[in-house]
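Worth knowing before you read on, the calculation uses all heavy atoms, side chains too, and leaves out hydrogens, waters and symmetry mates. In this text the structure is predicted, and so the values were computed from the model without any measurement.
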Amino acid sequence: MTTIDPVVTAREIRIRGVVQGVGFRPFVYRLAQRYGLCGWVLNGADGVRIRAEGNAAALDAFAHALVGEAPPAARIETVVSRPAPSEGCAGFTIRESGAAAAKTTPISPDLPVCEACLRELFDPADRRYRYPYITCTDCGPRYSIVTGLPYDRPLTTMAEWPLCEACAREYGDPSDRRFHAQPLACPTCGPTYVLRGDGAERRAWSAIEGGAALLSGGAIVAVKGIGGYHLACDAENAAAVEALRARKYRKERPFALMARDAAAARTAIALDAEGEALLASPARPVVVAHARRVLAGVAPENRELGVMLPYAPLHHLLFAAGAPALVVMTSANRSGEPMAFDDAEAAATLAGIADAFLVGERRIARRVDDAVIRVVAGGPTILRRARGMAPRAVATLPTTRPILAVGADLKNAPALAVDGRVFAAQHVGDLDHLACRDSLAATVRDLCAIYGVAEDGLLVAHDLHPEYVSTAFAREMGGEPFPIQHHRAHVASVLAERGAWEDVVVGVAFDGTGFGDDGTIWGGEVFVGSVAGGLARVAHLATAPLPGGDAAARFPVQAAAGFLFALGDLPDLAADPFAFPPRYETARALVARDLRTFRTSSAGRLFDTVAALLGFTRACTFEGQAAMWLEHLAASAAAGPSYAFALRDGELDYRPLLHAVVDDRARGVDPGSIARAFHVALADAVVAAHRRYGPEFPLVVSGGVFQNRLLVELLAAHLGERLWINRVVPPNDGGIALGQAALAAFAV
């Protein structure tokens, strides 16, 4: 912070970061009272502005306390403090917000209910006893209710609920923790919950009791939360879980759980100190960790479970009313579609899935799903960036041009750069569903409107693939479309997180599919270079024929038909222990005749091939399932001998490895040991490529394959801090928009 000359008696202070919607102005007011200062504070469109006057020592203490004692949910990025002429003020006030500057203030993500509100929630003497919308300046909804900036009640979905006299007193009382709390309400003046579908309509606490009883009785309940609806049922009731799978058409993808408290969470998953901290962090994400027990139907053939803690007052009330200690809490939709958040939409789309609806009366401004985190080597990896994390500034680019990065077609999550600050939006979903395409359009319109950006003035970064839905969307935006190669964007996303624009690195991008410079399907790429200077492709996984193209991602044996085609002396793969179904021979015939067959260097399809050889011969029911199955199989085995790739002429040749896998499987070697040896071989190949092309540089890895905990831990054992991975955005396609924005900023 700036050091102020002791003779100066007035200062103007500007603070940027997440400082609106987190109780920052009341906090500043109370500090000013503590230090006997006069002046004012207001929300500007680019942050918080403060004018403070008093003696120099008090001003120094005040300035330091602004940072050192900031509210828990605040994230201060910059503080600019300069001398100012005295205005001869009397007292300290909170002024009406200004909106003249550019709208670059980050919106606070939604916050979990705080401990003080929880105490009141369960205090029979408190006027907000059992009130499901209890909140204060330290907690509650933010992004999901904001309709514009600056963050004030008229620009939230609480505008339709005028404050009663008691709430108005709290709102205007500087000594009250609800001073200027924008979502403020109480049972007298605010919204409540209604239970529909089990007969007569029930309201308030009666509705919540009814919802808890239904859950305990094995019913499926649609529950309106902070950013949308969830489908909930008793996680220990196998029949209820199976019914939810059948009704939602979700065959095998794991369900997320909500635990009553940390003790209940520990009965489901193994948590170290870092996992415990993540579980209780302000984002309240779904934490994916090793399962301590099997819950029938919750996560089929999976050694992990994803668990979150209650974050809305309603959740705590449901558990207090007798809901099971572990409930499935999955996004309310049909499989693959976006989460329902509008009441009418939910009633229409969830009819036939939910037995009852627990509906909150407060409108949700935008859909925000739950964030998902997995702990890997060196810290957490974000698998889905959403509620509690979005929208946040994830990087600062050296440009003032507004840039929209629309992301990719899978795990879509766009990002908007305003005045160089990149705001990563929430998870949208897979764009092969029309509803997700509509959601992308709404999210982009939303971001542009909130930050005051004209869509036709944008540089619109998009994937190089000419047939992606996101590419077509970018071209129709009205701005200047700018294509970015998929795998370079993955590598650039890691560098953008670090602001490492000039750093030369060896970058490895492994995933399932990406359109390459040469028009083939890339997915196992090695680059050398930097964001500023460009990333040159220096090596790649040896290409293989891929029968059916992208469709092969659903059928591991179909991918195997291409990757095994060049291998001689193969045993009969239709016989035990391989037991390949007829699809394999059909796909192999396509390769032999070069019909509907494409070349690929996809590491994801190599994972599928090895999974097929080890027993995963059925169709995948969700993206990445076979690779996930292979990772869990490997994690069950002890370390042993490895296989080897051959690195020659810029290619990682997988054929010796696959020969060894086939031979070992035919000889009856434990599939878990083979799976682990494959992971070790792939990690060794990445390390070998790093040594070949730039051992003096950091190794950057990104792409969906590097969600694999075992693979990342093997690499970290070799490279330690010289291994750079995604920490702020997901390594999968949910983080690719950041890399697109970074490369676009330096290319124009």
Side-chain angles (χ1 to χ4, degrees), residues 16 18-21 43-47 97-110 141-160 182-183 226-228 338-339 341-342 345 362-369 385-387 389-394 397 400-407 412-429 435-462 470 473-481 737-738 740-741:
R16 296 182 69 184
V18 180
V19 289
Q20 294 188 16
N43 277 345
D46 59 347
S97 302
K103 295 179 178 180
T104 57
T105 298
I107 302 168
S108 168
D110 299 304
R142 299 296 189 267
Y143 181 50
S144 63
I145 65 169
V146 169
T147 57
L149 287 180
Y151 174 72
D152 281 320
R153 191 179 183 94
L155 294 177
T156 73
T157 58
M158 288 301 295
E160 58 198 84
Q182 307 307 334
I226 296 293
M339 182 186 205
F341 75 104
D342 175 78
E345 170 198 17
R362 182 178 62 205
R363 182 169 60 89
I364 297 172
R366 62 190 52 79
R367 175 188 293 112
V368 190
D369 216 326
R385 188 179 179 86
R387 179 195 45 75
M389 297 181 176
R392 275 196 176 139
V394 293
L397 304 177
T400 57
R401 181 169 184 181
I403 300 172
L404 172 69
V406 298
N412 181 267
L416 179 68
V418 185
D419 196 24
R421 306 172 85 195
V422 184
F423 298 101
Q426 69 274 23
H427 169 82
V428 170
C436 288
R437 300 175 203 175
D438 293 341
S439 183
L440 168 62
T443 300
V444 168
R445 286 195 306 269
D446 205 23
L447 282 175
C448 289
I450 286 174
Y451 289 105
V453 175
E455 294 183 18
D456 58 3
L458 288 165
L459 177 65
V460 186
H462 62 86
S470 54
F473 175 79
R475 290 172 176 167
E476 295 166 1
M477 278 287 298
E480 179 187 349
L738 175 58
Q740 291 174 340

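- A pairwise comparison of heavy atoms in Ala737 and Ala405 identifies O-CB, 3.1 Å as the closest pair.
- Contact between Ala159 and Pro154 at its shortest, heavy atoms only, is CB-O, 3.8 Å.
- Partners of Arg363 by salt bridge (Lys or Arg N to Asp or Glu O under 4.0 Å), not counting sequence neighbours, listed by chain and number: Glu160.
- Annotation: side chain of Thr157 is in contact with side chain of Thr147 (closest heavy-atom distance under 4.5 Å).
- When all heavy atoms of Gly228 and Phe341 are compared, the pair lying nearest together is CA-CB, 3.8 Å.
- With sequence neighbours left out, the side chain to side chain contact (heavy atoms under 4.5 Å, CB included) criterion links Ala474 to Val406, Val460, His462.
- With sequence neighbours left out, the side chain to side chain contact (heavy atoms under 4.5 Å, CB included) criterion links Asp342 to Ala344, Glu345.
- Taking the side chain as every heavy atom from C-beta outward, Asn412 and Pro414 approach each other to under 4.5 Å.
- Evaluation of the salt bridge (Lys or Arg N to Asp or Glu O under 4.0 Å) rule for Arg387 yields Asp370 as partners, not counting sequence neighbours.
- A donor-acceptor pair under 3.5 Å is absent between the side-chain atoms of Gln426 and the main chain of Ala386, judged by distance alone.
- No side-chain heavy atom of Val418 sits under 4.5 Å from any side-chain heavy atom of Pro402.
- Residues Pro109 and Val18 come closest through the heavy atom pair CD-CG1, 4.4 Å.
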Mind listing the side-chain donor-acceptor pairs of residues 439-448 below 3.5 Å, one per line with the distance, residues two or more places apart or on another chain?
residue, atom, partner, partner atom, Å
Ser439, OG, Arg367, NH1, 2.9
Thr443, OG1, Ser439, O, 2.8
Asp446, OD1, Arg366, NH2, 3.0
Asp446, OD2, Arg366, NE, 2.3
Asp446, OD2, Arg366, NH2, 3.1

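- The closest side-chain heavy-atom distance from Pro183 to Thr156 is not below 4.5 Å.
- By the 4.5 Å heavy-atom criterion applied to side chains, Ile145 and Gln182 are not counted as neighbours.
- For Glu480, the salt bridge (Lys or Arg N to Asp or Glu O under 4.0 Å) partners two or more places apart in sequence, or in a different chain, are Arg401.
- Going from atom OH of Tyr451 over to atom CG of Asp419 covers 12.5 Å, rounded to the nearest 0.5 Å.
- Ile403 and Ala741 get closest at one heavy-atom pair: CD1-O, 4.0 Å.
- Rounding to the nearest 0.5 Å places NE2 of His427 at 10.5 Å from CE of Met339.
- The two residues Ala390 and Ala424 come nearest to each other via the heavy atoms CB-O, 3.7 Å.
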